[in-house]
Enquirer: 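One structure, pasted below without further comment.
Below, each value reflects all heavy atoms present in this structure, side chains not excepted, and no hydrogens, waters or symmetry copies.
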Amino acid sequence: QVQLVESGGGLVQAGGSLRLSCTASGRIFSSYAMGWFRQAPGKEREFVARVNGGGGVTSYADFVKGRFTISRDNLKNMVYLQMNSLQPEDTAVYYCAVTIVRGGSFTGDYWGQGTQVTVSS
C-alpha cells in the first residue's frame, strides 16, 4: 500500500512557474516509477510526466516537453514537478501516482488526492 499527498498547487499568471511536490509513504519507494497526471474540467485525466525508480529516466507528454521537469528524491520519498511557462490550458487538478504501463500507456496504480493548478491569462 502506498499513500501519496500532493502540494504546491495554486493560482499563477500565464508565463509563471509552480513546483508541485508529492510525498509518498512506503519503505520501498525507490522501486516504484512515479508520475504526474492532470484532469481539466470536462476532460479525461491525462498523462503529464513519469520518472523511473532510480530517477534517471523520464518521459513527458508532448504538450509539456521543454516546460515541465519531473524529478524525485528517494531519500525523502518525494516526487516533484517543476512547471515553467505555464499557460491557461495547463489549468487542471494535478495528481501524483505510482505509474505503471497498461495497454501501452502510462496510468496510475495508486493516486494522490490531487492539487489544483489555475493559470490566469
Side-chain angles (χ1 to χ4, degrees):
Q1 191 77 10
V2 178
Q3 293 186 326
L4 304 170
V5 179
E6 302 96 334
S7 61
L11 174 64
V12 64
Q13 289 188 331
S17 298
L18 281 175
R19 188 194 196 203
L20 304 184
S21 299
C22 174
T23 303
S25 66
R27 295 175 295 173
I28 50 174
F29 174 72
S30 62
S31 68
Y32 300 128
M34 297 297 298
W36 289 93
F37 297 75
R38 71 184 187 185
Q39 187 168 20
K43 295 187 177 181
E44 293 187 352
R45 191 175 299 185
E46 61 183 355
F47 167 74
V48 175
R50 172 194 178 268
V51 60
N52 73 330
V57 180
T58 57
S59 300
Y60 296 93
D62 287 343
F63 54 79
V64 302
K65 283 182 180 178
R67 300 190 298 128
F68 292 9
T69 302
I70 189 170
S71 61
R72 65 190 296 161
D73 185 336
N74 286 342
L75 294 179
K76 297 181 179 179
N77 279 19
M78 297 287 293
V79 181
Y80 307 99
L81 186 68
Q82 177 66 43
M83 304 186 296
N84 299 327
S85 301
L86 283 162
Q87 299 302 316
E89 52 266 34
D90 294 317
T91 295
V93 177
Y94 283 73
Y95 297 90
C96 173
V98 173
T99 302
I100 60 175
V101 178
R102 182 177 294 152
S105 299
F106 294 127
T107 189
D109 197 16
Y110 294 96
W111 297 92
Q113 84 288 350
T115 185
Q116 176 70 48
V117 171
T118 303
V119 185
S120 63
S121 58

Enquirer: Taking Ser30 for the side chain and Ile28 for the main chain, is one N or O donor matched with an acceptor at less than 3.5 Å?
Expert: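 Judged by distance alone, no pair lies under 3.5 Å.
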Enquirer: Do Thr107 and Phe47 have side chains that get closer than 4.5 Å, going by heavy atoms?
Expert: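 The answer is no; the side chains never approach within 4.5 Å.
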Enquirer: Restricting to non-hydrogen atoms, name the atom on Ala49 and the atom on Leu81 that form the minimum distance, rounded to 0.1 Å.
Expert: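 Taking every non-hydrogen atom into account, CB-CD1, 4.2 Å.
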Enquirer: Are any non-hydrogen side-chain atoms of Val98 and Phe29 less than 4.5 angstrom apart?
Expert: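 When only atoms from C-beta onward are counted, Phe29 and Val98 do not touch, as no gap falls below 4.5 Å.
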Enquirer: For Gly9, is there any backbone N or O sitting under 3.5 Å from a side-chain donor or acceptor partner on Thr115?
Expert: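 Yes: the side chain of Thr115 pairs with the backbone of Gly9.
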Enquirer: Answer yes or no: is there a side-chain heavy-atom contact under 4.5 Å between Arg67 and Gln87?
Expert: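 Yes, side chains in contact.
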Enquirer: Which pair of non-hydrogen atoms, one from Val51 and one from Arg72, has the smallest distance, and what is that distance?
Expert: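 What the structure gives for the nearest pair is O-NH1, 3.7 Å.
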Enquirer: Mind running side chain to side chain contact (heavy atoms under 4.5 Å, CB included) on Phe68 and Leu86 for me, showing each step along the way?
Expert: CA-CA 9 Å; Phe68 292 9; Leu86 283 162; 3.8 Å; yes
Enquirer: Parallel, tilted or perpendicular for Phe37 and Trp111, by the 30°/60° rule?
Expert: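 Rings of Phe37 and Trp111: perpendicular, over 60°.
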Enquirer: Kindly indicate whether the side chain of Thr58, heavy atoms from C-beta on, has any atom under 4.5 Å from the side chain of Arg50.
Expert: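 A side-chain contact is absent here, since even the closest heavy-atom pair is not under 4.5 Å.
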Enquirer: If I compare all heavy atoms of Ser121 with all of Ala14, which pair ends up nearest, and what's the gap?
Expert: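 Distance-wise, the nearest heavy atoms are CA-CB, 4.4 Å.
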Enquirer: More than 12 non-hydrogen atoms from neighbouring residues, nucleotides or ligands closer than 6.0 Å to CD on Gln3, yes or no?
Expert: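 No.
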Enquirer: Checking the side chain of Asn52 only, and the main-chain atoms of Val57 only, is there a donor and an acceptor separated by less than 3.5 Å?
Expert: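 Yes: the side chain of Asn52 pairs with the backbone of Val57.
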Enquirer: If we check side-chain contact (heavy atoms from CB on, under 4.5 Å) with Tyr94, which of these qualifies: Gln116, Glu6, Met83?
Expert: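 The single option meeting the side-chain contact (heavy atoms from CB on, under 4.5 Å) with Tyr94 is Met83.
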Enquirer: So, do Tyr80 and Ile70 sit near enough that their side-chain heavy atoms are less than 4.5 Å apart?
Expert: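 Tyr80 does not reach Ile70 side chain to side chain.
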Enquirer: In the structure I gave you, are the side-chain heavy atoms of Leu18 and Gln82 within less than 4.5 Å of one another anywhere?
Expert: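 No, too far: nothing below the 4.5 Å cut-off.
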Enquirer: Ser25 and Asn77: which non-hydrogen atoms are nearest, and at how many Å?
Expert: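 In this case the closest contact between Ser25 and Asn77 is C-ND2, 4.3 Å.
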Enquirer: Would you verify whether the NZ or CZ of Arg45 falls within 45 degrees of the ring axis of Tyr95 while also being under 6.0 Å from that six-membered ring's centre?
Expert: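 Yes.
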Enquirer: Which atoms form the tightest heavy-atom contact between Gly114 and Val93, and what is the distance?
Expert: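 Result for this residue pair: CA-CG1, 3.8 Å.
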Enquirer: Is there a donor-acceptor pair closer than 3.5 Å between any side-chain N or O of Thr91 and the backbone N or O of Thr118?
Expert: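 No; zero donor-acceptor contacts below 3.5 Å.
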Enquirer: Specify the closest pair of heavy atoms between Leu4 and Gln113, including all atoms of both residues, with the distance to one decimal.
Expert: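 Distance-wise, the nearest heavy atoms are O-OE1, 3.7 Å.
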